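Small disclaimer: the values here were computed from a predicted structure and weren't measured. In what follows, chains carry the letters A, B, and so on, assigned in the order in which the sequence lines appear, proteins first and then strands, with residues in each chain numbered from 1.
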2 protein chains.
Amino acid sequence: MLYKTRLAIVDDHPVVIEGLQKLLLNVDEIDLAGTFTSGSDFIQFLKNSSIELVILDISLPDINGTDLCKQIKTIAPETIVLAFSNHTERSVVMKMLQNGASGYLLKNVSAVELLNCINESLKGQIVFSEAVKEIITKPGLQNFSEIPKLTKREKEILCLISEGRITIDIAKMLFLSKLTVETHRKNLLQKFKAKNVAELIKIASKEGFL
Amino acid sequence: MLYKTRLAIVDDHPVVIEGLQKLLLNVDEIDLAGTFTSGSDFIQFLKNSSIELVILDISLPDINGTDLCKQIKTIAPETIVLAFSNHTERSVVMKMLQNGASGYLLKNVSAVELLNCINESLKGQIVFSEAVKEIITKPGLQNFSEIPKLTKREKEILCLISEGRITIDIAKMLFLSKLTVETHRKNLLQKFKAKNVAELIKIASKEGFL
DNA sequence: GTAAATATACCTGTTTACAGGTATAAAGCA
DNA sequence: TGCTTTATACCTGTAAACAGGTATATTTAC
């Protein structure tokens with residue numbers, strides 16, 4: 001008796017599910033354990049069944065795919081999550097990885113590439129479709145917008161701010177006047193075009209400064 | 001005449017450089033264009049020479065490897081960066097990817113695995129040494145510490161805060177009292193054990209909430 | 001060697017955040 | 001069903017951030 005990999009599909013487009021289903025039915029080693037059009041449906045299912053690999057769309061009606069990925073990895077850390085999406089934004093790819101995905105495929109992958117990625121990820125590999133590799137390794141292409149250039153001091157202070165330190169403490173730690181730190185803080189807000197620290201830290205974090 | 005890949009090594013431990021050098025000298029297709037023990041040395045070099053692949057240590061005397069990686073990808077987006085480090089923290093791995101690295105190898109990789117990774121990354125693959133794959137796909141193992149569980153409302157407000165909105169505006173947008181939003185904000189600070197929004201946003205971002 | 005960028009310091013007023021409470025209706029779960 | 005969590009609302013005072021300036025050594029870069 002052949003061992004079969006239990007696989008699930010989560011995608012709110014029935015057409016996509018149909019397509020994947022047809023594709024995977026031909027594969028002997030795969031047991032399509034279920035298809036779901038909403039995140040909560042799948043979570044419910046996952047609580048009672050074990051799934052080895054799930055193909056996960058990112059745009060879902062009830063919950064976004066990145067959050068869902070995190071939930072899946074919390075409930076079933078061994079379940080392999082492959083993102084399957086149209087989103088080409090670098091930030092989305094990174095967030096999926098952040099949340100434990102084992103790979104990211106754009107929906108334009110070929111059948112061969114898809115099957116290959118499924119197999120590789122089952123072996124523990126981390127897989128990306130061709131276009132995604134470019135997106136990951138060429139950060140400049142996307143957000144060439146403006147990555148502000150910070151001085152050493154600014155980076156230092158940015159970092160301390162992100163740790164929750166208040167201005168006066170930062171001043172003491174760096175042997176500066178409180179007012180100097182305020183100036184740096186002001187410059188940071190300007191450089192990042194942020195309205196306040198909250199936005200500042202978000203952008204800085206996204207740009208990889210923290 | 002054989003075409004050779006121009007490769008550089010940046011590592012502040014001379015021993016590591018020696019070791020890599022010896023290993024790579026046996027490889028015909030590789031031209032070891034230079035070895036560097038500090039980040040600024042390499043940056044200087046990179047401005048005048050083209051390098052196809054650089055093996056990059058993360059702990060350096062003058063600049064940290066993640067920042068250096070970002071600089072490299074800015075100056076020479078085509079240069080492939082392979083992180084080569086002892087750091088097993090998930091956050092470090094993610095930051096290197098964030099900054100455009102094509103892979104992450106722990107220093108305990110075997111010679112075979114290393115050469116294999118170099119070759120694969122030259123083909124455009126994104127590569128990780130075995131242990132790193134585990135680190136990426138099992139977020140829970142490391143920071144199982146406490147990932148706070150947020151309600152839908154809290155996520156909503158967290159997100160708005162991260163966009164730089166102030167309390168009163170958030171209240172208006174969600175048709176809530178300013179005071180209610182303040183309570184949510186307070187709860188967020190508590191759940192994330194943050195001293196203020198700056199720290200809140202940093203942690204939330206690291207945990208993948210944003 | 002000169003110009004530009006950086007780091008430093010100061011001032012004033014207004015707005016916002018934060019700490020420390022209390023309280024209640026509604027939704028969700030057992 | 002009854003218990004718990006979630007979302008809602010309110011109060012008060014203090015601390016901190018932010019906006020809007022000006023100004024000057026000291027590096028760094030060209």
Student: Side chains of residues 74-82 of chain A: which donor-acceptor partners sit under 3.5 Å, not counting sequence neighbours?
Tutor:
{"unit_1": "A/T74", "atom_1": "OG1", "unit_2": "A/K70", "atom_2": "O", "d": "2.7"}
{"unit_1": "A/T79", "atom_1": "OG1", "unit_2": "A/I51", "atom_2": "O", "d": "2.8"}

Student: With a 4.0 Å cut-off on heavy atoms, is A/N187 in touch with a base, just the backbone sugar-phosphate, or nothing at all?
Tutor: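 Nothing: the residue A/N187, judged by heavy atoms under 4.0 Å, touches no strand.
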Student: Counting only N and O atoms by type, is there a donor-acceptor contact under 3.5 Å from the side chain of A/S121 to the main-chain atoms of A/I118?
Tutor: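 Here the side-chain-to-backbone pair exists.
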Student: What are the 5'-most and 3'-most nucleotides of DNA chain D lying under 4.0 Å from any heavy atom of chain A?
Tutor: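 In short, chain A contacts DNA chain D from D/dA16 to D/dG21.
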Student: Please state how far atom NZ in A/K152 lies from atom P in C/dA5, giving the value in whole angstrom units.
Tutor: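 It is 18 Å, rounded to the nearest whole Å.
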Student: Between P on C/dC18 and CD1 on B/I201, what's the gap in Å once rounded to a whole number?
Tutor: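 After rounding, the gap between these two atoms is 10 Å.
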Student: Side-chain donor-acceptor pairs under 3.5 Å in residues 18-25 of chain B, sequence neighbours left out?
Tutor:
none

Student: Nearest whole Å is fine: how far is C/dT8 C1' from A/R185 CZ?
Tutor: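 Interatomic distance, CZ of A/R185 to C1' of C/dT8: 17 Å.
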Student: Does anything in residues 44-54 of chain B form a salt bridge (charged side-chain N to carboxylate O under 4.0 Å, His left out)? List the pairs, not counting sequence neighbours.
Tutor: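 As it turns out, there is no salt bridge (charged side-chain N to carboxylate O under 4.0 Å, His left out) pair with a partner in residues 44-54 of chain B once direct neighbours are skipped.
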Student: Check ring-ring contact (aromatic ring centres under 6.0 Å, His included) between B/F128 and all other residues, then give those that pass, not counting sequence neighbours.
Tutor: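 B/F128 satisfies ring-ring contact (aromatic ring centres under 6.0 Å, His included) with no other residue.
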Student: Which is more 5' along DNA chain D, the nucleotide nearest A/V197 or the one nearest B/S177? Just name the residue.
Tutor: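 It is B/S177 whose nearest nucleotide is closer to the 5' end.
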Student: So, using ring-ring contact (aromatic ring centres under 6.0 Å, His included) as the criterion, who are the partners of B/Y104 when residues are at least two apart?
Tutor: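 In terms of ring-ring contact (aromatic ring centres under 6.0 Å, His included), with neighbours along the sequence ignored, B/Y104 is linked to no residue.
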Student: Specify the angle, to 10°, made by the local axes at the two ends of the helix from C/dG1-D/dC30 to C/dC29-D/dG2 when five pairs are taken at each end.
Tutor: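 End-to-end axis angle for the helix from C/dG1-D/dC30 to C/dC29-D/dG2: 90°, rounded to 10°.
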Student: Atom NZ of A/K178 to atom P of C/dT12: distance rounded to whole Å?
Tutor: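 Result: 12 Å.
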Student: Only counting residues at least two apart or in another chain, list the ones meeting ring-ring contact (aromatic ring centres under 6.0 Å, His included) with A/F36.
Tutor: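 In terms of ring-ring contact (aromatic ring centres under 6.0 Å, His included), with neighbours along the sequence ignored, A/F36 is linked to A/F42, A/F45.
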Student: So, using side chain to side chain donor-acceptor pair (under 3.5 Å) as the criterion, who are the partners of B/T66 when residues are at least two apart?
Tutor: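 For B/T66, the residues satisfying side chain to side chain donor-acceptor pair (under 3.5 Å) (neighbours in sequence not counted) are B/N64.
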Student: In whole Å, I'd like the distance from the NZ atom of B/K149 to the P atom of C/dC29.
Tutor: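 In whole Å, C/dC29 P and B/K149 NZ are 14 Å from each other.
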Student: Under 3.5 Å, side-chain donor or acceptor atoms of residues 162-169 of chain A against the rest of the protein: list the pairs with distances, not counting sequence neighbours.
Tutor:
{"unit_1": "A/S162", "atom_1": "OG", "unit_2": "A/C159", "atom_2": "O", "d": "2.7"}
{"unit_1": "A/T167", "atom_1": "OG1", "unit_2": "A/R185", "atom_2": "NE", "d": "3.3"}
{"unit_1": "A/T167", "atom_1": "OG1", "unit_2": "A/R185", "atom_2": "NH2", "d": "3.2"}

Student: Mind checking B/T167 for me? I need base, sugar-phosphate or nothing, with any heavy atom below 4.0 Å counting as a touch.
Tutor: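 Since only primed, P, OP1 and OP2 atoms lie under 4.0 Å of B/T167, the category is sugar-phosphate.
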Student: Check nucleotides 13-15 of chain C against the protein and report each pair of N or O atoms closer than 3.5 Å, with its distance, or say if there are none.
Tutor:
none

Student: Reckon B/L176 touches a base, only the sugar-phosphate, or nothing at all at heavy-atom distances under 4.0 Å?
Tutor: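 Answer is sugar-phosphate: B/L176 comes under 4.0 Å of backbone atoms only.
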Student: Please report, rounded to the nearest Å, how far the P atom of C/dT6 is from the CD atom of A/Q190.
Tutor: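 From A/Q190 CD to C/dT6 P: 13 Å.
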Student: Using a 3.5 Å distance criterion without hydrogens, assess whether the side chain of B/S129 forms a donor-acceptor pair with backbone atoms of B/L106.
Tutor: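 Such a contact is found between B/S129 side chain and B/L106 backbone.
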Student: I'd like to check the side chain to side chain donor-acceptor pair (under 3.5 Å) partners of B/Q71; sequence neighbours left out, ordered by chain and number.
Tutor: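 In terms of side chain to side chain donor-acceptor pair (under 3.5 Å), with neighbours along the sequence ignored, B/Q71 is linked to no residue.
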Student: Specify the separation, in whole Å, of atom CG of A/L188 and atom P of C/dT8.
Tutor: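 Checked: the CG to P distance equals 13 Å.
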